[in-house]
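No hydrogens, no waters, no symmetry mates; every other heavy atom, side chains included, goes into these values. To find a chain, count down the sequence lines: A is the first, B the second, and so on, and within it residues start at 1. Since we're looking at a predicted model, the values are computed, not measured.
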Amino acid sequence: GENVEQHPSTLSVQEGDSAVIKCTYSDSASNYFPWYKQELGKGPQLIIDIRSNVGEKKDQRIAVTLNKTAKHFSLHITETQPEDSAVYFCAASIRRDMRFGAGTRLTVKP
Amino acid sequence: DAGITQSPRHKVTETGTPVTLRCHQTENHRYMYWYRQDPGHGLRLIHYSYGVKDTDKGEVSDGYSVSRSKTEDFLLTLESATSSQTSVYFCAINADRSDNYGYTFGSGTRLTVV
């Protein structure tokens, strides 16, 4: 089955700096790559996603890139703010069979 | 988490006792999932449902069973709870749409087995 690895496990940045989280996947048939943000005591929330026929997608300060050849995808957050502090999960799926990475705890220091 | 609620939010139970967690949705979505979240493991799929009375196993299904008798409710049962089942359990839903595979998660149930 699909295996998703996520790095780093923890990331600390200064407010205003950029943050990058990287994931790799094993199954070349995976075609949907969502990113979720989980705040303390809450369920994960979808923040951005990308399909295998697209190389990059942006939504305000958040962007995701996908390299199908290398089987890796990344989340980029620019101009980080304290409210970006949370745990971020990547996932890879074939239709609805979704596998998640282990998560990255992002801390944005004011 | 609009449209999806989990109950209870917290539960402490003893080893060997049965436990049932409930997921209720008001979105009329076809797909429902149960995940467990543990440090270092992310989210792992326990069971999922693709319709009333239609369920299947995920990657960590041993020791768990599910039932879905109505579209809106998906129950997760631990027949005989063990300490290894101490975890945070999340339910998720997904519409039957080919243009949107993203999940909506509930707020979770923190289960402690002592």
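- Not counting sequence neighbours, the partners of A:Gln81 by the side-chain contact (heavy atoms from CB on, under 4.5 Å) test are A:Arg61, A:Glu83, A:Asp84.
- Using a 4.5 Å cut-off between heavy atoms, B:Arg9 contacts chain A through its side chain alone, with no backbone atom that close.
- Contact annotation for B:Gln6: neither backbone nor side-chain heavy atoms come within less than 4.5 Å of a heavy atom of chain A.
- Minimum interatomic distance between B:Tyr35 and A:Met98 (heavy atoms only, all atoms of both residues): OH-O, 3.6 Å.
- For A:Gln45, no part sits under 4.5 Å from any heavy atom of chain B, backbone or side chain.
- By the rule that hydrophobic residues join a cluster once side-chain heavy atoms approach within less than 4.5 Å of another member, A:Tyr88 and A:Leu11 end up as members of one cluster.
- Residues A:Val64 and A:Val54 share a hydrophobic cluster, clusters being chains of Ile/Leu/Val/Met/Phe/Trp/Tyr side chains in contact below 4.5 Å.
- Applying the 6.0 Å contact sphere to CD of B:Glu14 captures no more than 12 heavy atoms from other residues, nucleotides or ligands.
- Clustering ILVMFWY residues whenever any of their side-chain heavy atoms sit less than 4.5 angstrom apart, transitively, puts A:Val87 in the very cluster that holds B:Phe105.
- By the 6.0 Å contact criterion, CD on A:Glu79 is open, its count of non-hydrogen atoms from other residues, nucleotides or ligands being 12 or less.
- Hydrophobic clustering, with ILVMFWY side chains joined whenever heavy atoms are under 4.5 angstrom apart, groups A:Phe89 together with B:Tyr33.
- Contact count versus chain A (heavy atoms, under 4.5 Å) is highest, among B:Leu43, B:Leu45, B:Asp38, for B:Leu43.
- A:Ile94 and A:Ile50 sit in two unconnected hydrophobic clusters of ILVMFWY residues. Membership requires side-chain heavy atoms under 4.5 Å apart, directly or through other members.
- Rounded to the nearest 0.5 angstrom, A:Gln38 CD and B:Phe90 CZ are separated by 4.5 Å.
- Taking 4.5 Å as the heavy-atom cut-off, the residues of residues 100-110 of chain A that approach chain B are A:Phe100, A:Gly101, A:Ala102, ordered by number.
- Judged purely by atom type and a 3.5 angstrom limit, B:Tyr103 has no side-chain atom pairing as donor or acceptor with the backbone of A:Leu46.
- Heavy atoms from other residues, nucleotides or ligands lying under 6.0 Å from CZ of B:Arg110 number 12 at most.
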